[in-house]
Amino acid sequence: MANEKVDVVIVGAGASGSVFAAVLAKAGKKVVVLEQGPDWQLSDLISSDFWGRRIKPASGPFLLEGKNPFGYVYQAGWGVGGAALHYFANFPRLLPNDFKIKSEHGRALDWPISYQDVAPYYDKVAQDIGVSGDAKAEEIWRPAGAPYPMPSMKTFRHGEVWLKGFEAAGIRMVPAAVAMNSTDYKGRPACIYDGWCHVGCPTGALANPLVTYLGDAKNAGAEVRPLSTVTRVLSNAPGNKVTGVEYYDAKKERQVQEASVVVLAAWSAQNPRLLLNSATDKHAKGLANSSGLVGKYMMAHFASGTWALFDEDVQNHMGTTGAQFMSYDRYGKTSHKGTFGSSFIVAGSALKTSDLGGFANARLDLFGPDLAAFMKRAARGLTRINAFGEALPSIENRIEPVSDKDEFGMPLAKIIHSYDQDAAALWNANFEEGLGIARATGAKEVWSARGNMPTIHLMGGTIMGTNAGDSVTNSYGQTHEIPNLCIAGPGIFATAGASNPTYTILALSLRGAEQLAANWSTVAG
Amino acid sequence: MHDLERRAFMKGAAIGALAFTVGGTEVLLTPRASRAQGVALRTLTAAQAAMLDALGETLVPGARQAGISHFVDQQISIPAEQALLEARILNVRPPYANFYRAALGAIDRASQALNNGRPFVELSEAEQRSLIDNMRQNKVEGWQGPPGPFVYLVLRSDAVDVVYGTMEGYAALGIPYRPHIAPTKRW
């Protein structure tokens, strides 16, 4: 069945797709957003780790392979709002050194843009959706910009107890920048610090897409169609334009949505899967893939967590799942001797009992009466810091279709991911430093949260660059080969940095969407 | 609006919407009550449920009475997209029942191989603890099934969920639950 042609069809109603939808709908374009999952409302966001699992996919169309397979489902979104419906809203930005690693160190890749190209959009996003923090304090590490629209969030003992340890290590901590309201903002209430951010914030205090860009997009006339699974991007006979998408609706009936512009915003893994499944005789390797780089350079962050158990009641159930304090003092690419890559440090996340991040897993080795005893002590005095680490992009970390197919006949894909020795060395260095910090706090017990090397966030797969030979898109997310086909989201990151990605996703999406709106007739014509 | 008022407001506002989001999921009673009343299992066999009770109790004291077997049975009997199991976020591929059958089978095979044919439920508490500890460390000789440490992680998570992840569990630990929207069902 064919639907009325629209100006733009956006695949995915998460963080990046919502920005494109808002900007283009406000520019007067007819926008349709197709979302694979359900149409979640704020009232669906129940404060429970059980119920929080429901807003993540029940498996995905991906087989997870490699030495360090992606922790796919925990990171993924499913439904309107995407992964940003359950993100922690930590809002660090990338720093200038992230954009020029190749030039400055002869390693990895350069971005085709600099920090200064993105900085104005960080500031715009902060105003659009509300960010709390102390920009001035951050400027010890980055160029000056606009202040955040809200003051820093409240702090709690489970964050404050770490400050002594960081001071001893010579690490400067500043209030964490978070996309949460420390005060009422744009009609949304201030946070009440109940620590349920990770299962979705129903109050509107946390800037998820429903209460920010997606809400704006709907108000400007964008149509969101949930339970709509896109399977192919359609292109014209000469292969120089895309014409829309094929998708399956809630009744699992095939539909075609024609559009002048297609924006793929279905996350780093699904965007390549779609491009590869959209091959034609003119694009035999898949759309926008003459370089063979679609699905390549998949990236993740790893984290080195350190636990500390205090005698005092640190009220770890209070606050937010985001951090209270942050530091870029180990963000230099060679901060730790013998390693390479940035580290971003946070302290003071609220803890709940169960789920992957719950404190029952702080001592995964314990079970039976030992676990029961630990839970009682942890409920009162447990707290954690984390150092996120950067892994450099590797072409071997990739997505490949496999012969098995999903219910719509689209090939599943495998995500192959392994960390290299540099990443492992940085992971270890951050554990070592974390233990030193923890010991200096005076905590009763301290230990490293070691297990399998984690894979946090998902980036790459459609990286940006200067031409079709070295990349899939330009810095706006526009594919080099097909001007009216755009990619949005962390897939276009050329390197990962160590910062939580959503702030950069939004800033790059805003930059790309405004560019698209400003050049609409050239692109869509 | 005052914080507590806002919290209460959100709780009240949620009740109408839950019928939609829960649609199709039949949580008839609390698992504790289900167990107490002998509600029929839907997917697990009686032997599998007894084994899951024993495993759960060994992993987290209280899991048996908290209804771990009824919880898992109910959760693997509904469509995967409605499931609230930790297995979901640990990338277990649906149908989740397949994983539980494989995991329980592997543990019982190991138990019988190492204990003169005795199934897990017939082991002493010390023997049960020992087998689980070895499984956790991937040290069970001749193990056949999903990786032991992963089985440990999933089953331990289920036991933690039913004992500590509920509002009752928070209360038992003295932690204020402070929901924005309280679960109206136990899970």
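Between B/Tyr170 and B/Tyr177, the ring planes lie perpendicular to each other; the angle is over 60°, past the 30° to 60° tilted range.
A side-chain hydrogen bond (donor to acceptor under 3.5 Å, both in side chains) check over residues 68-81 of chain A, counting only residues at least two apart or in different chains, returns nothing.
Atom CD1 of B/Ile89 and atom CG of A/Asp49 lie 7.5 Å apart (nearest 0.5 Å). The line from OG of B/Ser111 to CD of B/Glu127 is 8.0 Å long, rounded to the nearest 0.5 Å. The structure places CZ of A/Arg188 at 8.0 Å from CG of A/Leu206, a figure rounded to the nearest 0.5 Å.
Scanning all heavy atoms of the two residues, the minimum distance from A/Arg54 to A/Asp44 falls at NH2-O, 2.6 Å. Taking every heavy atom of both residues into account, A/Tyr87 and A/Asn208 meet most closely at CE2-CA, 4.4 Å. Nearest heavy-atom pair across A/Ile416 and A/Gly66 is CG2-CA, 4.3 Å. Taking every heavy atom of both residues into account, A/Gln270 and A/Pro61 meet most closely at OE1-CG, 3.9 Å. A/Asp194 and A/Lys352 make their closest contact through O-NZ, 2.8 Å (heavy atoms, listed as atom of the first residue, atom of the second, distance).
Between chain A and the options B/Thr58, B/Val60, B/Asn91, B/Leu90, heavy-atom pairs under 4.5 Å are most frequent for B/Asn91. For the options A/Leu63, A/Asp365, A/Leu366, A/Asp370, heavy-atom pairs under 4.5 Å to chain B are most numerous at A/Asp365. Chosen from A/Gly71, A/Gly358, A/Gly52, A/Pro57, the residue pairing most often with chain B at heavy-atom distances under 4.5 Å is A/Pro57.
The closest side-chain heavy-atom distance from B/Asp161 to A/Phe50 is below 4.5 Å. Taking the side chain as every heavy atom from C-beta outward, A/Arg363 and A/Leu382 never approach each other to under 4.5 Å. The shortest distance between side-chain heavy atoms of A/Arg273 and A/Met410 falls below 4.5 Å. Side chains of A/Met318 and B/Arg178 form a contact here, defined as non-hydrogen atoms less than 4.5 Å apart. B/Pro119 is not listed as a side-chain neighbour of B/Met51, based on a closest heavy-atom distance of 4.5 Å or more. Counting heavy atoms from C-beta outward, A/Met298 and A/Ile399 have side chains that approach closer than 4.5 Å. Within the 4.5 Å cutoff, the side chain of A/Cys197 has heavy atoms near those of the A/Met180 side chain.
Among residues 371-381 of chain A, the residues having any heavy atom closer than 4.5 Å to a heavy atom of chain B are, in sequence order, A/Leu371, A/Ala372, A/Met375, A/Lys376, A/Ala379. Scanning residues 129-146 of chain B against chain A with a 4.5 Å heavy-atom cutoff picks out B/Arg129, B/Ile132, B/Asp133, B/Arg136, ordered by number. Residues of residues 96-109 of chain B that come closer than 4.5 Å to chain A, counting heavy atoms only, are B/Tyr96, ordered by residue number.
For B/Arg93, the parts lying under 4.5 angstrom from a heavy atom of chain A are both the backbone and the side chain. With a 4.5 angstrom heavy-atom cutoff, B/Ile175 touches chain A only via side-chain atoms. For A/Leu364, the parts lying under 4.5 angstrom from a heavy atom of chain B are both the backbone and the side chain. Using a 4.5 Å cut-off between heavy atoms, B/Val92 contacts chain A through its backbone alone, with no side-chain atom that close. Heavy atoms of B/Leu85 lying under 4.5 Å from chain A belong exclusively to its backbone. The contact between A/Asn361 and chain B is made by backbone and side chain atoms together, counting heavy-atom distances below 4.5 Å. Proximity to chain A is absent for every atom of B/Pro149, based on heavy atoms less than 4.5 angstrom apart.
Salt-bridge formation is detected for the pair A/Asp355/A/Arg53: a Lys NZ or Arg NE/NH1/NH2 atom is positioned less than 4.0 Å from an Asp or Glu carboxylate oxygen.
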